[in-house]
Amino acid sequence: MDAMDLIRDKFAQDCSLETVLHLVMAHFGMGEEEARREIDDYFAIVEGMGRP
């Protein structure tokens, strides 16, 4: 499982942003800044999927 998979799964389970952030940090040994970048990348992908 990579970070994007974990992020997608946790948001699908209605976890809060802070919960997802802490889970990504703990599971992948990332710092807060790096984990936030991963989450931002996830949101950019999701937004891009909604556009024609």
Side-chain angles (χ1 to χ4, degrees):
M1 173 181 282
D2 68 5
M4 288 292 167
D5 292 333
L6 178 69
I7 294 166
R8 182 193 66 236
D9 291 348
K10 294 305 171 187
F11 280 130
Q13 295 172 8
D14 292 325
C15 291
S16 71
L17 177 60
E18 287 301 312
T19 297
V20 175
L21 176 66
H22 289 289
L23 288 170
V24 171
M25 290 168 58
H27 189 79
F28 295 101
M30 293 180 184
E32 184 174 345
E33 193 173 306
E34 186 179 8
R36 284 190 187 276
R37 276 195 304 270
E38 288 288 332
I39 292 170
D40 289 345
D41 289 348
Y42 167 80
F43 283 126
I45 291 167
V46 169
E47 277 185 20
M49 292 172 58
R51 295 183 181 162

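These numbers were taken from a predicted model, which means no experiment stands behind them. The first residue in the sequence is number 1, and the count goes up from there.
Counting only heavy atoms from C-beta outward, the side chains of V24 and M30 approach each other to under 4.5 Å.
Separation of atoms CD (E32) and CD1 (I39) is listed at 9.5 Å; rounding is to 0.5 Å. Rounded to the nearest 0.5 angstrom, I45 CD1 and I7 CD1 are separated by 9.0 Å. Rounded to the nearest 0.5 Å, atoms CD (E38) and CE (M25) are 13.0 Å apart. Rounding to the nearest 0.5 Å gives a distance of 13.0 Å between NZ of K10 and OH of Y42. Distance check, rounded to the nearest 0.5 Å: NE2 of H22 to OG of S16 gives 8.0 Å.
Using a 4.0 Å cut-off between charged nitrogen and carboxylate oxygen, D40 and R37 do not count as a salt-bridge pair.
Aromatic ring pairs are classed by plane angle as parallel below 30°, tilted from 30° to 60° and perpendicular above 60°; the pair F11 and F43 is tilted.
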Would you sort out whether R36 and E18 count as a salt bridge (Lys or Arg N to Asp or Glu O under 4.0 Å), showing the intermediate values?
-> CA-CA 10 Å; R36 284 190 187 276; E18 287 301 312; 3.7 Å; yes
